[in-house]
Number of protein chains: 2
Amino acid sequence: MGRCMPLPTIRQLEYFVTAARLRTFAAAAEVHHIAQPSLSEQIAALERTLEVALFTRTARKLILTDAGQDLLPLAERAIADVVAMAEMSRRVRSLEEGTVSFGTFSSAHLYLLSELIEEFRIKHPGVRIRVTGLNSSEVADAVREGNLEAGLVQLPIDSRELVVTQSVFVDQVVYVSRRAEHTREPVDITTLAQRPLILSESRWSHDDPLRVSLLERAQSAGMTLDPIVEVEFQTHALELAARGVGDSLVSFHVGRSLIAEQGLFWAPLEPPVTEHYAFITRRAGAVSPATAEFMRLARRILARLQMARTRPTSPASD
Amino acid sequence: MGRCMPLPTIRQLEYFVTAARLRTFAAAAEVHHIAQPSLSEQIAALERTLEVALFTRTARKLILTDAGQDLLPLAERAIADVVAMAEMSRRVRSLEEGTVSFGTFSSAHLYLLSELIEEFRIKHPGVRIRVTGLNSSEVADAVREGNLEAGLVQLPIDSRELVVTQSVFVDQVVYVSRRAEHTREPVDITTLAQRPLILSESRWSHDDPLRVSLLERAQSAGMTLDPIVEVEFQTHALELAARGVGDSLVSFHVGRSLIAEQGLFWAPLEPPVTEHYAFITRRAGAVSPATAEFMRLARRILARLQMARTRPTSPASD
DNA sequence: GGAAGACCAAGGATTTTCCTATAGATGGGC
DNA sequence: GCCCATCTATAGGAAAATCCTTGGTCTTCC
């Protein structure tokens, strides 16, 4: 693993290459803005570490030995690779290349990801994007683990090893039904317990804040809450609601377009249930430029969404 | 040409790579036999020159950023190249070991191989020498096949997969006879067709340039060329010529010493027939240092022969 | 709550790199 | 034949980089 033999320096290789090309140490030294003896010495040092004579020095001419001839292309290649790395870092920095690794909750694509990814690709077509849509705690784990650089998660979140930004987006859980009379006014827990509920897995998993919140309310009201159907995705729950199978609870921004398309009605809960979302990164937040930019764009888009009139504060039942 | 941006150090890249692999600075520092703060500082310096964060440092874990992931393979490659160069230099300088594998035409030992091998053995007594004397196309095949690293062949040669140097030696076909009156003046095709010819196999095989050339000349002169004797080696043909069996055609340098020893006479052909010889190696010339050195010596000896006064431009009939 | 592991910070020592000045060597010009 | 221009090599000292040690903070694990 650890090689013990002393390696030549990149600088020495550079001196070597330009000296070989210019066929004089003095000119090569000038190219590198150093004094001739310095370059001369570095070449000598290189020959010492390689234990091979690279040049035959005559006072008039500088000639590569066979060994030098053999080693020259290797030196050039090594330099080219280091330069390539520096170039790559520049491109990564300038977002010509690089990788975004980002985690979101699964329904983010419904109102954020498509626009975000599209905009990002247009601005930075050379950057690879790796977005995984999981649930918040899995995203947090992945970020902790180092598999993702950042993510957008629903609060509250276990913040060990993480930096959690302030809430960058607030959504609201709304009640959705095909029957207009079910949404005439805000729905309280008592009403809710009487309605046939279709919930998605993510909304009803043990650690989902909505579930926790609703069960608490039901408990203090002395009743239980039993969904008649549980499915995997919020969108699926909405479809079933549109077919009249039952009513559902969804995040407003998740359901917004589908509600309008499918002739559904909605009403806020009473008291309202809000969902707060925030960015997470690893502690000491060394985030690569691509992911940082991705987050910047995401934040902007979310802010725009937040500002739009479509916020659920004025429940229009149509 | 001279790039101005500061380049990372090979050492920094090494630290980077092992830190990325071991996922801890302390362990990486231990591998490189330096203190942890030193390595830490070098990584920081690397990040400064690349202007990119490579790691996310948490108290417990060290995690590559996306940028680090992107740059890691480039760093590994650059290091590998420098190591490859050091390795190469080691092989180059250890001419005390290794093997020469070299192919020549069969008559090369008459004026080249003995001197060459003797000189090489004196300079590099530990190197094994494997020289096979075949004809040019077989040598070319062997080099292509990988059985030989390099060879000396007569041009023209099929150069597929091969690197063919420029002509390194020029010989000339001369007419040899025991009868002085046969060599009073340059021999043309008409005269040749009337003489009793002893030819060696290699000189009369189907793809031999001499045969091709002579048959063309005979054809355009409206005559045929029929050797009275065909034997395997040029030396054998010369012996027969010395016994007066007939006359022969040999390469000047092949016959030079024998002609003098055996009281033979010679004359150039009219017009002259020259033979060009060149080195061949495999494309992408991965030639071992030993063979390279062998070729270098060979080239020097051939150049010396070429320069010598013994060239056949002044046909002295003894 | 304390011990252990991991990283960072700071100041000093060591090694490397570079500079100036000078000497030796070689080929061309007069 | 001698001098000059042009190289490279050598020497000693300055500047910079690299590294070490000590001490500190943070987090995790017991």
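Sequence lines set the chain letters: A, B, ... in the order given, protein chains first and strands last, and positions in each chain run from 1. FYI, side chains are in, hydrogens and waters are out, and symmetry mates aren't considered; it's all heavy atoms of this structure.
Checking B/A26 against A/A45, the closest nucleotide of DNA chain C that is more toward the 5' end is the one next to B/A26.
In this model, the phosphate group of D/dA17 is not approached by any side-chain N or O of B/R11 to a distance below 4.0 Å at OP1 or OP2. Phosphate contact (OP1/OP2 of C/dT17, side-chain N/O of A/S38, threshold under 4.0 Å): absent. One finds a side-chain N or O of A/T24 lying less than 4.0 angstrom from the OP1 or OP2 phosphate oxygen of D/dT8. Proximity of B/T9 to the phosphate of D/dA17: no side-chain N or O atom is located under 4.0 Å from OP1 or OP2.
Taking atom CG of residue A/L22 and atom P of nucleotide D/dC7, one finds them 11 Å apart after rounding to whole Å. For the pair B/E14 CD and D/dT18 P, the interatomic distance rounds to 13 Å; values are reported in whole Å. Rounded to whole Å, atom P of C/dC8 lies 13 Å from atom CD1 of B/I34. Atom NE2 of B/H33 and atom P of D/dC20 are 11 Å apart (whole Å). At whole-Å resolution of the value, CG in B/L13 and P in D/dT18 are 12 Å apart. Going from atom CZ of B/R23 over to atom P of C/dC7 covers 12 Å, rounded to whole Å. Rounded to an integer number of Å, the gap from CG of A/L54 to P of D/dT8 is 14 Å. Spacing between atom CG of B/L39 and atom C1' of D/dA17 amounts to 15 Å, rounded to whole angstrom units.
Paired with A/Q12 under the rule side-chain contact (heavy atoms from CB on, under 4.5 Å), one option of A/L50, A/L7, A/L46 passes, and it is A/L46.
Checked against the 6.0 Å centroid threshold, A/F105 and A/Y277 count as a close aromatic pair.
Nearest to the side-chain atoms of B/Q42 among the listed nucleotides D/dC19, C/dC8, C/dA6 stands D/dC19. Among C/dC8, C/dC18, D/dC7, the nucleotide with an atom closest to any side-chain atom of A/E41 is C/dC18. Of the listed nucleotides (D/dA9, C/dC18, D/dT18), C/dC18 has the atom at the smallest distance from the side chain of A/Y15. The side chain of B/P37 sits closest to D/dT21 out of C/dC7, D/dT21, D/dA9. Minimum atom distance to the side chain of B/A35 is reached by D/dT21, of the listed C/dC18, D/dC7, D/dT21.
A donor-acceptor pair shorter than 3.5 Å cannot be found between the side chains of A/T99 and B/Q69. Under the 3.5 Å distance criterion, with hydrogens and angles disregarded, no donor-acceptor pair is assigned to the side chains of A/E96 and A/H124.
Applying the 3.5 Å distance criterion, the base of C/dC8 shares a donor-acceptor pair with the side chain of B/Q36.
When the shell of 6.0 Å around CD of A/E138 is examined, it contains more than 12 heavy atoms from other residues, nucleotides or ligands.
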